[in-house]
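Input: a single structure, listed below in structure tokens.
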Amino acid sequence: MVDERRTELTQLITGQLLRRYSTATVLFHHAVAERLGLGPTDHKCLDLLLERGPLTGSQLAAITGLTTGAITGVVARLERAGYVQRKPDPDDGRKQLLIPAPERLAEVAEIFASALPR
């Protein structure tokens, strides 16, 4: 009986902490996106490009679950803001790879670094 109660309490507390963590994470990334002059979806798509390297718009759509039309808008906004460049795919000249613009990456890194304890 004591073990069951301990398990229930542990699950309750863990659930509450996970919800708080999830909310804090979402709010943090909204704030980061705002500082970068981006929307949250644009910011997370940029983050995927930083994590996975160059991708095509179709690949980014498949990873995110967004439609290719929505990705077209995301890419246009990221490109307009100077965070992404389009380069021809060396394996298929009909496709374009989305590549994070190196000159803007320091700004992204600085925002994340500022959130770390000193």
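All figures in this text were calculated on a predicted structure; none of them were measured in a lab. Counting begins at 1 with the first residue of the sequence.
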List the steps, then state whether side-chain contact (heavy atoms from CB on, under 4.5 Å) holds for His43 with His29. CA-CA 8 Å; His43 166 249; His29 284 286; 3.0 Å; yes

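For the atom pair CD1 (Ile63) and NZ (Lys44), the distance works out to 13.0 Å, reported to the nearest 0.5 Å. Atom-to-atom distance recorded for Leu50:CG and Cys45:SG is 11.5 Å, nearest 0.5 angstrom. For the atom pair CD (Gln96) and CG (Leu55), the distance works out to 13.5 Å, reported to the nearest 0.5 Å. In this structure, CD in Gln59 is found 10.0 Å from CG in Leu49, a value given to the nearest 0.5 Å. In this structure, OG1 in Thr10 is found 10.0 Å from CZ in Arg5, a value given to the nearest 0.5 Å. Atom-to-atom distance recorded for Arg19:CZ and Thr14:OG1 is 10.5 Å, nearest 0.5 angstrom.
In terms of the side chain to side chain contact (heavy atoms under 4.5 Å, CB included) criterion, residue partners of His30 (sequence neighbours excluded) are, by chain and number, Val26, Pro40.
Linking ILVMFWY residues whenever their side-chain heavy atoms come closer than 4.5 Å, directly or via other members, leaves Leu46 and Leu97 in distinct clusters. Note on Leu9 and Leu17: separate hydrophobic clusters, where clusters join Ile, Leu, Val, Met, Phe, Trp and Tyr whose side-chain heavy atoms are under 4.5 Å apart, directly or indirectly.
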Review item, side-chain donor-acceptor pairs of residues 65-84, under 3.5 Å, at least two apart:
unit_1 : atom_1 : unit_2 : atom_2 : d
Thr67  : OG1    : Ala70  : N      : 3.0
Thr72  : OG1    : Thr68  : O      : 2.9
Arg77  : NE     : Asp42  : OD1    : 3.3
Arg77  : NE     : Asp42  : OD2    : 2.8
Arg77  : NH1    : Gly73  : O      : 3.4
Arg77  : NH2    : Asp42  : OD1    : 2.9
Glu79  : OE1    : Arg86  : NE     : 2.9
Glu79  : OE1    : Arg86  : NH2    : 3.1
Glu79  : OE2    : Arg86  : NE     : 3.3
Tyr83  : OH     : Leu36  : O      : 3.1
Tyr83  : OH     : Arg104 : NH2    : 2.8
Tyr83  : OH     : Glu107 : OE2    : 3.3

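Judged purely by atom type and a 3.5 angstrom limit, Thr23 has no side-chain atom pairing as donor or acceptor with the backbone of Arg20. With hydrogens and angles disregarded, no donor-acceptor distance shorter than 3.5 Å links the side chain of Gln16 to the backbone of Ile13. For the pair Thr64 (side chain) and Leu60 (backbone), a donor-acceptor distance under 3.5 Å is present.
Between Phe112 and Phe28, the two ring planes are perpendicular [angle over 60°; tilted spans 30° to 60°].
Atom CD of Glu103 is surrounded by more than 12 heavy atoms from other residues, nucleotides or ligands within 6.0 Å. No more than 12 heavy atoms of other residues, nucleotides or ligands lie within 6.0 Å of OH in Tyr21, so this atom counts as exposed by the packing criterion.
By the 4.5 Å heavy-atom criterion applied to side chains, Arg35 and Ser114 are counted as neighbours.
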